[in-house]
Amino acid sequence: MDMDKLVSLCKRRGFLFQSSEIYGGLNGFWDYGPLGVELKRNIKEAWWQDMISGHNELLISNGAPCEHQMVGIDCSIIMHPQVWKCSGHYDLFHDFMVDCKESKKRYRHDQVRGRWALAKEQRVFIATQSGGDEGLQETEQKALKFFNLRAKSLEEISWDGPLVSLITITDFDKVLGPDAKAIGTLTPPREFNLMFKTIVGAMGGEESSAFLRPETAQGIFVNFKNVVDSTRVKIPFGIAQIGKSFRNEITPRNFTFRSREFEQMEIEFFCHPSQSPEWYKYWRDRRYKWYTDLGLSSSRLQLRDHDKDELSHYSCGTADIEYAFPFLPPGEFGELEGIAHRGDFDLKSHMEGKLVRSGDELVVELGEDGKPKHRGSGKDLRYFNDQTRERFIPHVIEPSAGADRGTLAFLCEAYFEEEIEGETRVVLRLNPRIAPVKAAIFPLVNKDGMPEKAKAIYGDLKKEFAVYFDDGGAIGRRYRRQDEIGTPICITVDGQTNQDDTVTWRDRDTLQQKRIPIQGLKEELRNLLKS
RNA sequence: GCGGGUGUAGCUCAGUGGUAGAGCGCCACGUUGCCAACGUGGCUGUCGUGGGUUCAAGUCCCAUCACCCGCUCCA
């Protein structure tokens, strides 16, 4: 499938627009149009229904170790800055970068190394991105070139000290950049923040700066105690949230796939440590099945377990649900959702302070003064089981899905072009549950009372379903218009309707028609949405 | 971030320094009895944006923004 065709359809039919388009657009931001908002809402509602509101906590779900409860929450986007310090985002998403004015390259400040070289009465800091022996060799080569010396005159250069980080350097005018020919081309380090910064309060200064959340998860962790205290939930249970998150991605690309503002659908599932591996497996499989049930084909979808060295510092297991997007090279997949076993990392961080791994253990990271680098809340976030009299920090399984990525995947999967009697038909084979319009109602022609009858049916169905009325142009054209936006059913009032109160029911995928009585339409549509 | 490409009507795209175009779509009227029918009429443009060169710029130059491809980087 050609991605351009889908992008064009999305624009033409009102699924997706570039943000601020009349001003030339803004990189990494997208708007959902009238049909797009319905599609995305349907996907989010399907998720909420299947994970939370429709969940039966009295039954053991397929593959689950025991019963579990599910509740929802909706947290603020801006939170206390300490949340991000303890979660690790502040340190991780907060880099200093230096730019090279000559080579136009950008380097992470802490990843550039180098050593001082003296020759021809000049002292220069020769920088490189390599470390170890490779770094030593590279700096030698660069120094020879810079001082315009032959390889055999290497001894004319004297080296002052070992390979050190650029962080230790203050006189940037004596630095030879990793890809530069002249000295002094590197800019001083500049703050490069992957989190969006904002100011709280109209008169705010630096002390009142805050961040837009880079993930929804932390709102759940900091409310863990509130939920436990207010709802009578018992472990194991999950807290779910749908909401916007923000990341200042360096390279937004591939339509909405990597955006700077995006929507997440996240569950933090809290369980006893001894049961956590079973729950991890349960959520992994359950979440994969959710996508296939809604229409993603298993040939383009994969569940991939992370390698040991790919795991985050806190994780004891992570799997990605990935989709073979058409804009990716064959064989490559893009992430739709990550299911992570996070252990007790998050709750513990918000109790004690930012954690780092030390061997097999998580310990509070200390600052230079020997105190915690980022202090936790000091609140006791342990869970007390009054049956077993056990007090413990629950382990967490986190299925974290991207709503926009899911929406994009469903669109890609649904797009088909096919030849019908020499004409190309464009059709979105969306699952009826997520289709923006469930059915369109047409009068076959605009006479003999057909429009009146069709309008009456439309008015009645509209109370319960997202339906669309169209009497413009020939009937064939109206069918194709609906095919293109994924409407599963077209209902047409024709001459026979006046005699026996039946209408034709036309299927988007098979193009087959059947006659059904007007009274049976609602039941028929309900069945369609159940499947 | 780097390199290459693209930017003209809602969409797809023509356009040689000299009057802004086509197809599709959309709207109205008529016609029309089931898969992008037909007729008539109509709407649609800051030629991505800002500068410059020129008597004259959609066209040439510079800058900038956005999108696509390839690197690079990254949750």
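Reminder, nothing fancy here: chain letters follow the sequence lines and each chain counts from 1. Predicted model only: the values in this text are computed from it and were never measured.
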**OP:** Inspect the surroundings of NZ in Lys281(A) and state if more than 12 heavy atoms from other residues, nucleotides or ligands are less than 6.0 Å away.
**Re:** no
**OP:** Quick one: look up who G33(B) pairs with, Watson-Crick or G-U, both distances under 3.5 Å, and put none if it's unpaired.
**Re:** none
**OP:** Check every strand shown and say whether Glu21(A) touches a base, only sugar-phosphate, or nothing at a heavy-atom separation below 4.0 Å.
**Re:** nothing
**OP:** Between G58(B) and G15(B), how far apart are the C1' atoms? Round to whole Å, please.
**Re:** 8 Å
Original post:
Among G33(B), C35(B), C74(B), which nucleotide sits nearest the side chain of Asp494(A)?
Top reply: G33(B)
Original post:
At under 4.0 Å between heavy atoms, what does Asp4(A) touch on the DNA or RNA strands: base, sugar-phosphate, or nothing?
Top reply: nothing
Original post:
Counting only side-chain N and O atoms of Arg253(A), is one of them less than 4.0 Å from OP1 or OP2 of C69(B)?
Top reply: no
Original post:
How far does the C1' atom of A57(B) sit from the matching atom of A37(B), given to the nearest Å?
Top reply: 44 Å
Original post:
Hey, does Met3(A) reach any base, or is it just sugar-phosphate, or nothing, if we go heavy atoms under 4.0 Å?
Top reply: nothing
Original post:
Can you tell which of C34(B), C26(B), A36(B) lies closest to the side chain of Val426(A)?
Top reply: A36(B)
Original post:
Under 4.0 Å: is that the gap between some side-chain N or O of Asn254(A) and OP1 or OP2 of C69(B)?
Top reply: yes
Subject >> Contacts of Phe327(A) that satisfy ring-ring contact (aromatic ring centres under 6.0 Å, His included) - sequence neighbours left out >> reply: Phe257(A), Phe325(A)
Subject >> Closest nucleotide among C27(B), C35(B), U32(B) to the Gln513(A) side chain >> reply: C35(B)
**OP:** Could you check whether Phe255(A) gets within reach of a base, just the sugar-phosphate, or nothing at all, counting any heavy atom under 4.0 Å?
**Re:** sugar-phosphate
Original post:
So what does Asp483(A) touch, heavy atoms closer than 4.0 Å: a base, only the sugar-phosphate, or nothing?
Top reply: nothing
Subject >> CZ/Arg41(A): more than 12 non-hydrogen atoms of other groups inside 6.0 Å >> reply: no
Original post:
Between G7(B) and C60(B), how far is it from one P atom to the other, in whole Å?
Top reply: 11 Å
**OP:** Taking atom types as modelled, find out whether Gln302(A) and Tyr323(A) have a side-chain donor-acceptor pair closer than 3.5 angstrom.
**Re:** no
Original post:
Trp30(A) side chain: which of A37(B), C67(B), C34(B) is closest?
Top reply: C67(B)
Subject >> Intermediate values then yes/no, ring pair (Phe, Tyr, Trp, His ring centres under 6.0 Å), Trp30(A) and Phe17(A) >> reply: CA-CA 6 Å; Trp30(A) 299 90; Phe17(A) 308 123; over 10 Å; no
Subject >> Residue Glu249(A), side-chain heavy atoms: nucleotide from C74(B), C34(B), C35(B) that is nearest >> reply: C74(B)
Original post:
Looking for any heavy atom pair under 4.0 Å, which part of the strands does Arg506(A) touch: base, sugar-phosphate only, or nothing?
Top reply: base
Original post:
What nucleotide among C67(B), C34(B), A36(B) has an atom nearest to a side-chain atom of Gln18(A)?
Top reply: C67(B)
Subject >> Distance between P atoms of G17(B) and C27(B) (Å, rounded) >> reply: 39 Å
Original post:
In whole Å, what separates the P atom of C13(B) from that of G18(B)?
Top reply: 24 Å
Subject >> Any donor-acceptor N or O pair under 3.5 Å, side chains Glu419(A), Thr424(A) >> reply: yes
Original post:
Considering only side-chain heavy atoms of Leu444(A), which listed nucleotide, C35(B), C11(B), G33(B), is closest?
Top reply: G33(B)
**OP:** For C24(B) and A36(B), measure between their P atoms and round to the nearest Å.
**Re:** 15 Å
Original post:
Is the shortest side-chain N/O distance from Arg477(A) to OP1 or OP2 of C26(B) below 4.0 Å?
Top reply: yes
Subject >> Among A37(B), G10(B), G33(B), the nucleotide that comes nearest once only the side chain of Lys11(A) is considered >> reply: G10(B)
**OP:** Could you please name the option among C35(B), C67(B), C74(B) that lies closest to any side-chain atom of Asn27(A)?
**Re:** C67(B)
